[in-house]
**Student:** 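Quick one: the structure is below, questions incoming.
Just so it is clear, the model here is predicted, and its values are computed rather than measured. Atom set for the values below is all heavy atoms of this structure, side chains included, hydrogens, waters and symmetry mates excluded. Order of appearance sets the numbers: ligands from 1, and atoms from 1 within every ligand.
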Amino acid sequence: MRVLVVGGAGYIGSHMVRLLDRAGHQVVVLDNLSTGFEKAVTAGDLVVGDMADSALVESVLKKHRIEAVMHFAAFALVGESVENPAKYYQNNVVGTLSLLESMRRCGVTRIVFSSTCATYGVPEVLPIRETSNQAPVNPYGFTKLVCERALQDYAHAYDFGFAALRYFNAAGASPVGDIGEDHDPETHLIPIILQVALNQRESVTIFGDDWATRDGTCVRDYIHVDDLGAAHLAALEKLEPGKGLKINLGSGRGYSVREVIDCCRQVTGIDIDFEIGSRRAGDPPELVAEPVLAKELLGWTPQYDEIQAIVETAWKWHQQHPSGYNS
Ligand code: UFG
């Protein structure tokens, strides 16, 4: 299929581009490089531009006779979304609505959309099912929920076929170690811990050890980026006009912050220092997916079923690229 990957120079998008290419799809990347890297695009054509630039998007859709869109272009930091919601509404909502309109005008109606477990807010029941109440507790989660709703309405009214894939915590890197996670500033747990191992930070701060979890620290469901990509490939084949899939992408297993630090110590062989800090605003205590629907509808289960294997790939990337793509 001819696929436009919007945000294909970013962390998850760049891994997707490689998997699409390997699966025999033709790939075009659209990325404004605001957080993405040209070097991360290892296949297909890269068009540098914004999804809100309708003239550009429409010309790309037509010129490359695009059949489906995968949309990864979003700001995704919970804390930042609380501080600067305008940035999130502008890009994640206004940008996405513009992209959908460009698609509609060009008759491209298939889309796989990156959604998030942040649309659930603080879950009432764990593990989280797709039917759980969606009540986001931060602007980031809300922007994604608005897009899910727009997709549903586009499916109903304009015969769009979509999949909204609700990621839990994306982690890891390509096993070869040539593409991986590079954010500035870095806020994600595993890269921060590995930066301590690389002597780039003195210690990692645990955001609260007084949560009602098994060891007092927050629990998350970490999922390898290539496993996310594999689920997108499967979803692409399942898109049907007028229908929407809403699917959790997680492993079903949660790890506490302390457990992740222990795992990184084992993988690196380095005694990583940590300190206990206060809770971070907007953090739910525990987010773990019920992954059964992904298996049923997509035939998908994660290949990386242990966090150790995920951290090993991240460690390889960080060792080979201590300064990210500028290494
Ligand atoms: N954490 C620390 N110290 C740090 C960084 C993180 O203790 O220095 C903790 C956080 O409190 C959280 C866990 O480690 O409990 C994971 O934090 P990340 O920042 O790596 O990831 P988040 O769970 O906050 O965010 C991820 C995605 C978001 C998505 C969110 C859903 O990156 O896009 O899950 O809650 F919205």
**Student:** Can you list the atoms of ligand 1 that are under 4.0 Å from a heavy atom of T116?
**Tutor:** 29 (C), 36 (F)
**Student:** Answer with yes or no whether the side chains of H318 and Q320 bring together a donor and an acceptor at under 3.5 Å.
**Tutor:** no
**Student:** Ignoring hydrogens and angles, state whether a donor on the side chain of R201 or Q195 is under 3.5 Å from an acceptor on the partner side chain.
**Tutor:** yes
**Student:** Near I192, which atoms of ligand 1 are under 4.0 Å from a heavy atom of that residue?
**Tutor:** 8 (O)
**Student:** Specify side chain, backbone, both or neither for R220, according to which of its non-hydrogen atoms lie closer than 4.0 Å to ligand 1.
**Tutor:** side chain
**Student:** If you count heavy atoms of other groups shown closer than 6.0 angstrom to NE2 of H156, is the number above 12?
**Tutor:** no
**Student:** Salt bridge or not for R22 and D226, using N-O below 4.0 Å?
**Tutor:** no
**Student:** My understanding is that we take every heavy atom of each candidate and find the minimum distance to atom 22 (P) of ligand 1. Doing that for N169, V122, N138, I276, which one comes out nearest?
**Tutor:** N169
**Student:** So if I count the atoms of ligand 1 from 1 in the order they appear, which ones are less than 4.0 Å from some heavy atom of C218?
**Tutor:** 15 (O)
**Student:** For the residue pair R104 and Y158, would you count it as a cation-pi contact if the rule is NZ or CZ under 6.0 angstrom from the ring centre and within 45 degrees of the ring axis?
**Tutor:** yes
**Student:** Do T96 and H71 have a side chain donor and acceptor closer than 3.5 Å?
**Tutor:** yes
**Student:** Which of the atoms of ligand 1 are close to C117, meaning less than 4.0 Å from one of its heavy atoms?
**Tutor:** 31 (C)
**Student:** Nearest to atom 11 (O) of ligand 1, what protein heavy atom do you find, and at what distance?
**Tutor:** D283 OD2, 2.5 Å
**Student:** Taking atom types as modelled and ignoring hydrogens, do the side chains of E312 and Y304 form a donor-acceptor contact shorter than 3.5 angstrom?
**Tutor:** no
**Student:** Does F75 have K87 sitting over its ring (NZ/CZ under 6.0 Å from centre, angle to axis within 45°)?
**Tutor:** yes
**Student:** Which residue in the set D227, N169, D305, D221 passes side chain to side chain donor-acceptor pair (under 3.5 Å) when paired with S251?
**Tutor:** D221
**Student:** Starting from atom 1 (N) of ligand 1, find the nearest protein heavy-atom neighbour and note its residue, name and distance.
**Tutor:** F207 CD1, 3.5 Å
**Student:** Should A118 be counted as touching ligand 1, given the test is an N or O pair under 3.5 Å?
**Tutor:** no
**Student:** With a sphere of 6.0 Å drawn around CZ of R279, does it hold more than 12 non-hydrogen atoms of other residues, nucleotides or ligands?
**Tutor:** yes
**Student:** Heavy atom to atom 32 (O) of ligand 1, shortest distance: which of H183, H188, E186 holds it?
**Tutor:** H188
**Student:** Any atoms of ligand 1 less than 4.0 Å from a non-hydrogen atom of T205? List them with their elements.
**Tutor:** 2 (C), 3 (N), 4 (C), 7 (O), 8 (O)
**Student:** What residue and heavy atom of the protein are closest to atom 28 (C) of ligand 1, and at what distance?
**Tutor:** A76 O, 3.7 Å
**Student:** With backbone taken as N, CA, C and O and side chain as the heavy atoms from C-beta onward, which portion of Y222 lies under 4.0 Å from ligand 1: side chain, backbone, both, or neither?
**Tutor:** side chain
**Student:** Is the contact between L189 and ligand 1 made by the side chain, the backbone, both, or neither, using heavy atoms and a 4.0 Å cut-off?
**Tutor:** both
**Student:** Hey, is R18 close enough to D178 for a salt bridge, meaning N to O under 4.0 Å?
**Tutor:** yes
**Student:** With a heavy-atom distance limit of 4.0 Å, tell me whether L287 approaches ligand 1 through its side chain, its backbone, both, or neither.
**Tutor:** side chain
**Student:** May I ask you to identify, for T187, whether its side chain, its backbone, both or neither come under 4.0 Å of ligand 1 on a heavy-atom basis?
**Tutor:** backbone
**Student:** Heavy-atom pairs closer than 4.0 Å: do any link ligand 1 to the side chain of Y140, the backbone, both, or neither?
**Tutor:** side chain
**Student:** Under 6.0 Å from the CZ atom of F142, do we count more than 12 heavy atoms belonging to anything else shown?
**Tutor:** no
**Student:** Among all protein heavy atoms in this structure, tell me which lies nearest to atom 17 (O) of ligand 1, with the distance rounded to 0.1 Å.
**Tutor:** R280 NH2, 3.5 Å
**Student:** In terms of residue, atom name and distance, what is the protein heavy atom nearest to atom 9 (C) of ligand 1?
**Tutor:** V257 CG2, 3.8 Å
**Student:** For I206, counting its heavy atoms only, list the atoms of ligand 1 lying under 4.0 Å from any of them.
**Tutor:** 7 (O)
